[in-house]
Structures are given as C-alpha cells and as structure tokens.
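So the structure is just underneath, and the comments pick up after that.
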Amino acid sequence: MSNRVINLLVPVISIILGLIVGAIVMIFSGYDPVTAYIALWNGIFGDAYAIGETIRQISPYILAGLAVAFAFRAGLFNIGVEGQLIVGWFAAAYVGSAFDLPKIIHLPFALIAAALAGALWGLVPGILKAALRVHEVIVTIMMNYIALHVVNALIKTVSGSYKTEKIHETASLRSEFLSNITDYSTLHYGILVALAMVGVMWFLLDKTKTGYELKSVGFNEHASQYAGMNVNRNIVLSMVISGAFAGLAGSMEALGTFGYLANLGGFTGIGFDGIAVALLGANTPLGVIFGASLFGSLKYGAGNMPNEAGVPTEIVSIIIALIIFFVASGYIIRVILNRVNKKKGAK
Amino acid sequence: MRKSKLGLALAMMLVIGGLLGACGTDKGKEKDEGATGSSEVNENAVSVAMVTDTGGVDDKSFNQSAWKGIEEYGKKNGLEKGDGGYDYLQSNDASEYASNLNRLVRRDFDVVYGIGFLLKDAIETIAKENPDAMFGLVDEESDVENVASIMFKEQEGAFLAGAAAALMTKSDKIGFVGGMEIPVIERFHAGFVAGVAAVNPDIKVDVQYTGNFDKAEDGKAAANRMYTSGVDIIFHAAGGTGNGVFSEAKERKAANPDEYIWVIGVDSDQYDEGQVGDHNITLTSMLKRVDLSVMSVAELAEKDEFPGGEITRYGIAEGMIELADSRGAIPQDILDKIDELSKKIVDGEIEVPEDPKQ
C-alpha cells in the first residue's frame with residue numbers, strides 16, 4: 001500500500017470502527033443500529049432540507065476550526081475561541097440591528113465588526129504572552145468567562161431585554177434563494193464566508209512572508225529570534241488573526257442562523273469543538289473543512305436519530321462521541337496499517 | 001505478540017461497549033414503560049408532540065411537567081407514543097429548536113408545542129411556513145395566527161409563596177434565587193417580593209440571579225451565602241440551578257437538625273427533593289401546572305376551538321397556579337391566611353405586580 005492509499009484508508013476505517021462500536025452500544029441498550037444509522041444518514045443527507053441545515057451547521061465549525069488551527073501553526077494554543085466567538089456574535093448582532101444602511105455596506109460592516117471584536121479578544125492574551133510570557137491557555141480560558149458575562153450584561157443594557165433586537169434584513173446572510181432550493185431550511189451565505197476564509201488562511205500561511213514567519217515561530221521560537229524575526233510581533237499577530245476567525249464564526253450565528261443573540265446560560269460549545277475540528281484536520285486549511293464537515297454533519301444528523309429511530313438523546317451523544325473518538329485516534333490505525341504493510345514487504 | 005495486542009484492544013472495545021450499553025439500558029426501559037398502558041381510543045383525539053428547550057425532558061420541572069401533560073392526554077385518549085400519537089424531541093442546543101419543530105411538523109402531528117420562551121422565534125418561523133399546522137408556545141406571547149400562546153400568572157403563586165415565607169420566618173430575612181433575568185423569572189421575583197411585603201413590609205428579601213438554569217453549584221453557592229447571612233427561607237425559581245439550593249439546605253440540616261431553614265420549591269411539587277433523614281426542608285412548592293395547560297389546549301384543538309393567535313393567561317382562578325401540600329410544615333392558621341390572600345387575588349382585590357421594579 002502506498003502512503004496515499006493509507007492516507008485515504010485511515011479516516012474511512014476510523015469512521016467504520018466508530019460506527020461498529022456505536023452499533024454494539026445500541027444492541028446492548030436494545031435499539032436497532034440499522035434503523036438508527038439510516039436515521040443518521042437521512043438526518044444528514046435525507047432531503048434538501050437536511051442538507052441545507054447540515055451545511056448551515058458546518059459553517060461556524062469551519063471558522064472555529066480555522067481559528068484554533070491558525071494559532072496552533074504559530075505555536076499557540078487558543079482555548080479562547082469560544083469567548084472570541086461570543087463577542088463576535090454580539091458585535092455582529094449589535095451592528096446588524098443598531099444601524100440602518102444599504103446592504104452592500106451593512107453586511108460587510110457587521111462581518112468586520114464581528115471579526116474586530118474577536119480580534120480584540122485575541123489581542124489581550126497575545127499581548128500578555130508577548131510582553132510578559134503569561135501562558136495563553138490560562139488567559140484565553142479566563143477571557144471566555146469574561147466574554148460570556150460581559151456579553152450577557154451588554155445584551156441587557158443595550159436592548160433592555162434578554163435578547164438583542166433582531167438584525168435588519170440588510171445585514172442578514174439569509175437568502176430566499178438558498179432557502180427555496182433547500183425547502184425552507186435556514187441555510188445562509190455564511191458557508192461562502194467560511195470557505196473564503198479557508199482560502200485566506202491558506203494564502204496567508206503558504207504564500208506570504210508573514211505566514212512564513214508565523215510558521216517559523218511555531219516551529220522554533222528561538223531559532224526564529226536568532227534568524228532576526230520579531231517573535232513577539234508574530235505572537236500578537238497570530239492571536240489577533242485567530243480571534244478574527246473566531247469572531248466571524250460568531251457572526252454566522254448572528255447574521256445567519258439566529259438573527260439575534262439571546263442571553264447565554266453557558267458556552268455554545270462551538271469554540272471548544274473547534275479545537276477538535278482543527279486537530280482532526282491536522283491544522284491545515286483543507287483539513288479543517290474535513291473536520292468541520294464531520295462535526296457539523298454528525299451534530300445536525302444526530303438530531304434525527306431520536307426522531308426517526310427513537311434512540312434516546314443520551315445514547316446518541318455516546319455514539320457520536322465514539323465516532324469522533326475513533327477518527328481522532330486515526331494515528332493508531334495508521335501505525336497498524338504501516339506494520340501490516342512492512343510485514344508484507346518483508347515476506 | 002502484535003496479534004494478541006490487537007485482540008486485547010478489540011476485547012477492550014467490546015467490554016467498554018457493553019458497559020456503556022448497560023448504562024443505557026435502564027433509560028430505554030423506563031421509556032418503554034411510559035409508552036404502554038392505554039384506555040379507550042378517542043376518535044377525535046389530536047396527535048400531540050413537543051420540543052423541549054435545552055433543559056431536557058427530565059429537568060424535574062418545566063419540560064417534564066409539559067411532557068407529563070402530553071403523555072396523560074395521549075393515554076387518556078388511547079394514543080400510542082410515536083407517529084400519529086404523542087412524542088417529544090429534546091433540544092441540546094438553541095440551533096436545534098427550529099429543526100426539531102420542523103421534524104415534528106413533517107411527521108404530521110396535529111399540535112406541536114414549543115416549551116419555553118426561548119422557542120418563540122423558531123416557532124414563529126416554522127408556523128408561518130406551515131400555516132395549516134397548529135402550534136402551542138409556553139411562556140411567551142406570539143401573535144402569529146396558528147400559534148396559541150400559553151402564559152402563566154407566576155406572580156400570583158409567588159405572591160402566596162412570599163406570604164407563606166413572611167409568616168413562617170423567624171429571622172425576618174428571606175431569600176430569592178432566580179435563574180436568568182428574563183420576564184418569566186422576573187414575574188416570580190415581583191410576586192414573591194410583593195407577597196412578603198403584604199405580610200410584613202420590614203422584611204428584607206435577599207435577591208440573587210445566578211444567570212443560568214443548569215448550574216446546581218451556582219445555586220448552592222447562592223444558598224450558602226444567604227443561609228450564612230441569617231436567611232432562613234429561600235424560594236428558588238431557577239430550574240436545575242435550584243437543585244443546588246436544596247442540596248445546600250439538606251447539608252445544613254443533616255449537620256445540624258435543629259437549624260431552622262426551609263426551601264420553597266417551584267413548578268412541580270419538590271417535596272421529594274427536600275427529604276433529609278427524618279426531616280424535610282421543603283416548606284411548600286409553587287405549582288405551575290404546565291401539564292394541565294398543555295392538555296387543555298389539546299382538548300380545545302380536538303373540538304375545533306384551537307386558540308390560535310390568542311394569548312391565554314392561566315392563574316390561580318383557573319386552577320393552574322397553586323401552592324403544593326406542605327405536609328404539615330405550615331401550621332393551619334397560616335394556611336388559612338394564605339387561602340384568604342388567594343381568594344383576594346382571584347376576586348381581584350389584590351393585584352400582583354409582574355415587574356420587580358414596580
């Protein structure tokens with residue numbers, strides 16, 4: 001087997017293993033795995049509506065994954081995507097509802113506001129890391145809580161109610177066209193924004209001097225310093241760009257899915273899932289699309305399992321976790337495949 | 001050697017799968033039991049389904065009460081759980097509200113309920129796309145034509161709870177633990193404070209919102225602070241967060257059975273939550289009969305009188321709001337006084353405010 005075949009085989013085998021173990025769990029708990037998996041499949045690809053909703057679910061995951069991956073390439077672990085996403089969500093919802101502008105200005109304005117808010121939330125841990133060597137993991141975790149509660153307080157002060165005003169049509173990513181072709185799903189143009197950002201990240205990292213420096217700092221800070229790069233500047237920059245991606249993920253929810261932001265009782269989880277998305281995708285822009293598609297489809301499609309097959313939500317969560325678990329442990333399968341390969345070669 | 005390792009890994013996977021499976025079994029069985037048992041089939045009965053908010057169907061309060069009502073309606077009319085009968089879908093995330101509602105509409109349920117104010121936007125969107133379907137929205141008002149809004153006068157029940165607390169307190173310090181600062185919870189808050197003031201205007205009510213409905217540890221911390229500062233009765237309107245209030249009170253009671261502390265439960269009768277050894281720290285509970293309201297709307301739909309586009313407000317007068325049996329915790333003379341206040345509310349002599357700022 002060539003490396004290329006192995007690269008293809010690993011994720012496929014991982015998913016199949018996950019499905020098998022999930023099936024065992026279901027058999028033991030007295031549910032029919034075949035109907036359940038058909039329900040999962042239908043939930044993801046069953047009809048135009050399901051496909052629309054699945055794509056809608058994937059969009060914020062792509063951006064959250066990009067945010068984690070980008071920081072990771074510069075050697076930083078951004079756990080703060082969740083908080084950056086929340087401030088981005090608020091900024092987009094606020095700009096979307098507070099201003100009256102033509103669409104061509106309003107929509108980009110709202111998107112930029114979300115990116116800036118997220119960038120600002122990434123700037124703080126970036127500066128602390130660069131100037132004082134405070135570990136970014138601690139700062140970003142704490143910034144998540146600050147974001148959650150500050151945003152909840154802001155919603156109350158700005159709108160006087162438990163949620164922000166609905167955004168104006170001019171700031172919305174929703175479109176009648178997309179809605180119509182997917183049988184009234186909430187699919188919106190956010191997926192294009194997300195894919196564009198995948199391109200931006202690829203270009204930044206692989207085609208510019210800045211990207212080269214960022215990666216170099218990620219590989220070896222000291223060597224980069226010695227080579228004359230400004231390490232501190234690169235640390236701050238990577239956190240800011242990472243935060244901007246996360247802020248945009250929030251704008252998907254504000255301008256597309258919901259159209260407002262309601263008081264949050266806890267974290268959305270998208271930011272944390274973004275860590276897994278990035279790692280599944282090996283921190284590459286294209287890999288992130290794969291990771292996000294897997295996460296988004298499973299998350300949305302899983303909702304159909306209680307609906308069509310009567311499997312309780314708790315069991316569904318276990319099965320989805322198992323599938324992701326096996327995909328994430330793809331390394332093990334790779335090792336096994338390589339060994340099998342070697343053996344054959346020896347013979 | 002390698003082969004045996006692989007075998008070991010596979011064996012472990014099976015064991016883990018088996019363990020996880022075993023954990024899940026009980027739940028599945030419980031559910032099946034709930035679905036059995038039916039009486040005569042009512043030909044006119046409508047099929048009903050609900051979408052929970054993120055609290056889940058077993059939240060021991062709001063969603064659970066609604067599901068109880070739906071199950072009861074289904075069994076009473078000989079319906080079966082599933083298509084054409086009754087069912088529920090649980091939302092794990094706010095983004096699932098709309099798709100869950102849509103899934104149920106596509107399965108042709110006659111009446112689909114959204115449980116909780118958070119579902120308002122989702123229900124309005126789906127209702128407009130499906131003008132022939134009927135929707136019920138609990139705890140929020142909508143003017144869409146095929147949405148029946150079910151509202152409660154929580155302030156009335158909270159008023160009685162407040163009066164009971166003010167009559168029972170020994171330290172003249174009373175606490176209120178709220179979940180999120182949203183209109184529903186503010187109605188509890190306003191009614192409670194007004195009820196306390198109606199009995200004794202000098203009593204100070206210590207109010208704390210935790211900002212969530214699912215963090216028992218926050219409720220516990222709030223209760224700890226309040227009891228330490230001398231509060232002896234706490235009323236919670238905080239869903240799962242309120243479970244922390246109970247655990248704090250129970251711990252204190254277990255450590256010192258002579259300590260005079262009480263909790264007032266909410267939504268369902270929370271007497272069982274308060275049992276600690278031979279004592280029980282649940283003074284009473286303010287019942288909000290979501291189950292009855294859900295059934296009543298289904299019965300109206302059955303008779304072609306579905307109250308679409310209307311807002312129905314249920315209170316004490318309709319029998320949808322009341323205090324639970326205190327099982328002797330409240331002496332009879334105080335119960336009589338509470339009954340008197342309750343009658344005055346029904347007669348309109350007392351108007352309970354909805355907004356704590358009034």
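Chain A is the first sequence line, chain B the second, and so forth, proteins listed ahead of strands; every chain is numbered from 1.
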[X], part contacting chain B, at a heavy-atom distance under 4.5 Å:
X      : value
A:L264 : backbone
A:F258 : side chain
A:D47  : side chain
A:S161 : neither

- Look at B:D121 together with A:K166 and state whether they make a salt bridge at an N to O cut-off of under 4.0 Å.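 Salt bridge present between B:D121 and A:K166.
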
- Query: Between A:K299 and A:D273, is there a side-chain N and carboxylate O pair less than 4.0 Å apart?
  - Reply: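 Salt bridge between A:K299 and A:D273, a charged N being under 4.0 Å from a carboxylate O: no.
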
- Task: Mark yes or no: B:R103 above the aromatic ring of A:Y300, with NZ or CZ under 6.0 Å from the six-membered ring centre and no more than 45 degrees from the axis.
- Result: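 Because its charged atom sits under 6.0 Å from the ring centre and within 45° of the axis, B:R103 does stack over A:Y300.
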
Shorter than 4.5 Å, heavy atoms on both sides: which option in [options] has the most such pairs with chain A?
options                       : answer
B:D93, B:N212, B:L89          : B:L89
B:I182, B:N92, B:T210, B:N102 : B:N102
B:R106, B:M180, B:K215        : B:R106

- Task: Under 4.5 Å heavy-atom distance to chain A, tell me which part of B:E129 shows up: side chain, backbone, both or neither.
- Result: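 When you check distances to chain A, only side chain atoms of B:E129 fall under 4.5 Å.
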
- Message: If I measure from the heavy atoms of chain A, does B:A94 come under 4.5 Å with its side chain, its backbone, both, or neither?
- Response: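 Backbone plus side chain of B:A94, per the 4.5 Å heavy-atom cut-off to chain A.
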
May I ask you to decide if [Y]'s main-chain N or O and [X]'s side chain share a donor-acceptor pair within less than 3.5 Å?
X      : Y      : result
A:S179 : A:S185 : yes
B:H189 : B:P356 : no
B:D139 : B:G116 : no

- Message: Once you measure the plane-to-plane angle for B:W67 and B:Y86, does it fall in the parallel (<30°), tilted (30-60°) or perpendicular (>60°) bin?
- Response: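 Correct class here is tilted.
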
- Query: Between A:E53, A:H149, A:E253, A:R56, which has the largest tally of heavy atom pairs under 4.5 Å with chain B?
  - Reply: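 Option with the top pair count is A:R56.
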
